[in-house]
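Since we're looking at a predicted model, the values are computed, not measured.
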Amino acid sequence: MSTVHQPDLKDRPARLAVGVVGAGRVGPALAASLQLAGHRPVAVSGVSDASRRRANAMLPGVPLVPPAEVLQRADLVLLTVPDDALPGLVAGLAETGAVRPGQLLVHTSGRYGARVLDPALRAGALPLALHPAMTFTGTQVDVQRLAGCSFGVTAPGELRLAAEALVVEMGGEPEWISEENRPLYHAALALGANHLVTLVAQSMELLRTAGVTAPDRMLGPLLGAALDNALRSGDAALTGPVARGDAGTVAAHVTELRRHAPQAVAGYLAMARATADRALAHGLLKPELAEDLLGVLADGDDGPSGIDGIDGIDGTEGNDR
């Protein structure tokens, strides 16, 4: 039987005192967004000088205090620390008696669901996992970007409405994610967003090496159109030499990458293989052309890429946050 009790909204003030534990890029932005909805930030904790400056800029006048004091002052506490630090933080707060019964405790980790908050739940807290599917800069622009942003929401059934209401108040769109699917959900976001940054940065470096003076201006319209097409059409939007089966062009790419950017070869080959597989499966790449193409990609492993082989990296790169 669940130990979570449905909060009695009649006994709770319409607006909440909000605290932030971990003044990274996410916490102050969410607190500032809740402030716009009428809630009241009352305390922030941060360790580094950068986090303290960020808190002062995003939440001016809100006192910087130790984590335990944040919980003393707040009805709603945002735990916005790195994924690996979250379990220890929750356990420590619960063990020291900092958690108060009836207190809303919200973490923003994509990896974890509500169970990571079990130590606080046993102390009487109301556990919510609200993960914004957004990249953050640590500036006021983040608050604007939350408008229409999807949040991965996981919470006990009794608290589902409360979790979704908080997301809506921040301008977001709640998307319910089951506890067991949180790691897969987070891996999907990392694959799409974090790896995209790496790909774009590598592409800009190569364009500069090729003599392009404004690679961002060149890539902007192209990548914008590619993203729009992919979101609209999925694999049907695949274009380029791999999808066409232009083995000679791909071989030339690998040769040039080995000469100018050997560190990029492994990633190019892994993504080219994944693209070829998807193009074949969707009838975009003709089977008679695929054999030569896949031969080129296999031969690409044999040259000096600067990385000791790439076996096993297809689609298995790690994720962060």
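Ser203 is not listed as a side-chain neighbour of Pro215, based on a closest heavy-atom distance of 4.5 Å or more. Looking at heavy atoms from C-beta onward, Arg73 lies in side-chain contact with Pro63 at the 4.5 angstrom threshold. Here the side chains of Arg111 and Arg182 are not in contact, with every heavy-atom distance at 4.5 Å or above. For the pair Leu146 and Phe136, the minimum side-chain heavy-atom distance is below 4.5 Å. In this structure the side chain of Leu206 reaches within 4.5 angstrom of the side chain of Leu257, judged on heavy atoms. The closest side-chain heavy-atom distance from Glu175 to Tyr185 is not below 4.5 Å.
Side-chain atoms of Arg100 come within 3.5 Å of backbone N or O of Ala74 as a donor-acceptor pair. At distances below 3.5 Å, at least one donor-acceptor pair connects side-chain atoms of Asn229 with backbone N or O atoms of Ala225.
Within 6.0 Å of atom CZ in Arg54, more than 12 heavy atoms from other residues, nucleotides or ligands are found, so the atom counts as buried in its surroundings. Other residues, nucleotides and ligands contribute more than 12 heavy atoms inside 6.0 Å of the CZ atom of Arg244. Within 6.0 Å of CD in Glu179 there are more than 12 heavy atoms belonging to other residues, nucleotides or ligands. Counting non-hydrogen atoms of other residues, nucleotides and ligands closer than 6.0 Å to CD of Glu291 gives a total of 12 or fewer.
With rounding to the nearest 0.5 Å, the separation of CG in Leu269 from NE2 in His253 is 12.0 Å. Atoms CG and CZ, on Leu121 and Arg115 in that order, are 12.0 Å from each other to the nearest 0.5 Å. Between Leu227 atom CG and Arg232 atom CZ the span is 10.5 Å, to the nearest 0.5 Å. Here Ser48 contributes atom OG and Arg53 contributes atom CZ; the two are 7.5 Å apart, rounded to the nearest 0.5 Å. Atoms NE2 and SG, on His131 and Cys149 in that order, are 8.5 Å from each other to the nearest 0.5 Å. Taking CG of Leu184 as the start and CG of Leu189 as the end, the distance is 9.5 Å to the nearest 0.5 Å.
Applying the side-chain contact (heavy atoms from CB on, under 4.5 Å) test between Val18 and each of Val106, Val62, Leu76 identifies Leu76 as the sole match. Just one of Leu30, Leu36, Leu34 meets the side-chain contact (heavy atoms from CB on, under 4.5 Å) condition when paired with Val143; it is Leu36.
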For a side-chain contact (heavy atoms from CB on, under 4.5 Å) check, start with the C-alpha distance between Met134 and Asp142, then their side-chain angles and the critical distance, and finish with the verdict.
CA-CA 9 Å; Met134 178 54 62; Asp142 296 331; over 6 Å; no
Can Met58 and Val44 be said to form a side-chain contact (heavy atoms from CB on, under 4.5 Å), step by step?
CA-CA 11 Å; Met58 298 282 287; Val44 183; over 6 Å; no
Step-by-step side-chain contact (heavy atoms from CB on, under 4.5 Å) determination, Leu238 to His282:
CA-CA 10 Å; Leu238 283 171; His282 290 80; over 6 Å; no
Test side-chain contact (heavy atoms from CB on, under 4.5 Å) applied to His195 and Met271, step by step:
CA-CA 11 Å; His195 298 173; Met271 291 304 299; over 6 Å; no
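Cluster annotation: Val20 is connected to Met170 through the hydrophobic network of ILVMFWY side chains, with a link wherever side-chain heavy atoms come within less than 4.5 Å. Cluster membership for Val242 and Leu285, using ILVMFWY side-chain heavy atoms within less than 4.5 angstrom, is shared.
Other members of the hydrophobic cluster containing Val77, listed by chain and number, are Val21, Val65, Val70, Leu71, Leu79, Val81, Leu86, Leu89, Val90, Leu93, Val99, Leu105, Tyr112, Val116, Leu117; membership follows side-chain contacts under 4.5 Å among ILVMFWY residues, whether direct or relayed.
In terms of the side-chain hydrogen bond (donor to acceptor under 3.5 Å, both in side chains) criterion, Asn56 has no residue partners (sequence neighbours excluded).
In terms of heavy atoms, Ala237 sits closest to Ala230 at CB-N, 3.8 Å.
Residue pairs meeting the salt bridge (charged side-chain N to carboxylate O under 4.0 Å, His left out) criterion with at least one member in residues 194-222: none, sequence neighbours excluded.
Using a cut-off of 4.0 Å between Lys/Arg side-chain N and Asp/Glu carboxylate O, Arg15 and Asp75 are scored as not salt-bridged.
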